Amino acid sequence: MDTLVGLNALLGIRLVSSTPERVEMTMPISEDTSQYYGFLHGGATLTLLEAAASKGAMNRTNEEVERPFGYDVHVRHRKSGTEGLVRGVAELNRIDGNSQYWDVAAYDDAGDIISDGTIITKIVSLEYLAEKERRRQAAKNKG
């Protein structure tokens, strides 16, 4: 799935490169990605970085039987910006069971780090998701 949809599309995020070990995406600093005072919004930066880590997890997933989900985000904001492109990079650090640890960093046009940290994705089987939905529906029907 190389076409970005939803929030990613709304923020203008674009896929630059994608392998099972490394993903790079860009996002413009614009009115849509800025906070009240015109600086890049930290939430937009987090969206870019989670999109990159999620795409990396997708590259390592058998979509016929499982789905990746981001479930733990530890990111530090180091600086901001008011114009240009933000480049988000996710690089696979390690795999532990069904969890993938992605080192993430966002860079400005000068190559300075805007934000960096770790995002953990979890691979969940479609069977588990279906069972969870059955339980949810059963509980809903009882109540």
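Predicted, not measured: the structure shown is a model, and the values here were computed from it.
The OG atom of Ser54 sits 10.0 Å away from the CD atom of Gln100 when rounded to the nearest 0.5 Å. Atoms OG and NE2, from Ser34 and His41 in turn, are 9.5 Å apart once rounded to the nearest 0.5 Å. For the atom pair NE2 (His77) and CG (Asp116), the distance works out to 10.5 Å, reported to the nearest 0.5 Å. Rounding to the nearest 0.5 angstrom, the gap separating the CD atom in Glu133 from the CG atom in Leu126 is 13.0 Å. Taking CG of Leu92 as the start and OH of Tyr101 as the end, the distance is 11.5 Å to the nearest 0.5 Å. Here the straight-line distance linking atom OG1 of Thr26 with atom CG of Leu85 works out to 5.0 Å at 0.5 Å rounding.
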I'd like to know whether Arg67 forms a side-chain contact (heavy atoms from CB on, under 4.5 Å) with Val124, so could you lay out the CA-CA distance, the side-chain angles of the two residues, the decisive distance to 0.1 Å, and finally the verdict.
CA-CA 5 Å; Arg67 295 288 186 268; Val124 180; 5.5 Å; no
Chi angles and distances behind the side-chain contact (heavy atoms from CB on, under 4.5 Å) call for Glu131, Glu127:
CA-CA 6 Å; Glu131 178 59 30; Glu127 183 179 310; 5.9 Å; no
Do Arg60 and Glu21 pass the side-chain contact (heavy atoms from CB on, under 4.5 Å) test, and can you show the C-alpha distance, the side-chain angles, and the key distance before you say yes or no?
CA-CA 9 Å; Arg60 305 186 66 80; Glu21 290 77 32; 3.1 Å; yes
Does the pair Val75 and Val104 meet the rule for a side-chain contact (heavy atoms from CB on, under 4.5 Å), with working shown?
CA-CA 8 Å; Val75 173; Val104 295; 4.1 Å; yes
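Counting heavy atoms of neighbouring residues, nucleotides and ligands inside a 6.0 Å radius, atom CZ of Phe39 does not exceed 12 of them. The environment of CZ in Phe69 is crowded: more than 12 heavy-atom neighbours from other residues, nucleotides or ligands sit within 6.0 Å. Environment of CD in Gln35: crowded, with over 12 heavy atoms of neighbouring residues, nucleotides or ligands closer than 6.0 Å. Counting non-hydrogen atoms of neighbouring residues, nucleotides and ligands closer than 6.0 angstrom, the CD atom of Glu31 reaches no more than 12 such neighbours. The environment of NZ in Lys79 is crowded: more than 12 heavy-atom neighbours from other residues, nucleotides or ligands sit within 6.0 Å.
Between the side chain of Glu66 and the main chain of Asn62, a donor-acceptor pair closer than 3.5 Å is present.
Of all non-hydrogen atoms in Pro28 and Gly12, the two that sit nearest each other are CD-O, 3.3 Å. The minimum heavy-atom distance linking Thr45 with Ala106 is given by the pair CG2-CB, 3.8 Å. Listed here is the closest heavy atom pair of Ser115 and Leu49: CB-CD1, 4.3 Å. When all heavy atoms are compared, the tightest approach of Ala52 to Val23 is O-CB, 3.6 Å.
Under the 4.5 Å side-chain heavy-atom criterion for Ile, Leu, Val, Met, Phe, Trp and Tyr, Ile114 and Met27 are members of the same hydrophobic cluster. There is no path of hydrophobic side-chain contacts, each under 4.5 Å, that joins Ile123 to Tyr71. Under the 4.5 Å side-chain heavy-atom criterion for grouping Ile, Leu, Val, Met, Phe, Trp and Tyr, Leu40 is connected to Leu11 within one hydrophobic cluster. Under the 4.5 Å side-chain contact rule for hydrophobic residues, Ile13 and Ile29 share a cluster. No continuous path of hydrophobic side-chain contacts links Leu48 to Leu10 [ILVMFWY only; heavy atoms under 4.5 Å].
For the pair Val16/Met25, no side-chain contact is recorded, criterion being any heavy-atom separation below 4.5 Å from C-beta on. Side-chain contact between Tyr107 and Ile113 is present, with heavy atoms from C-beta onward closer than 4.5 Å.
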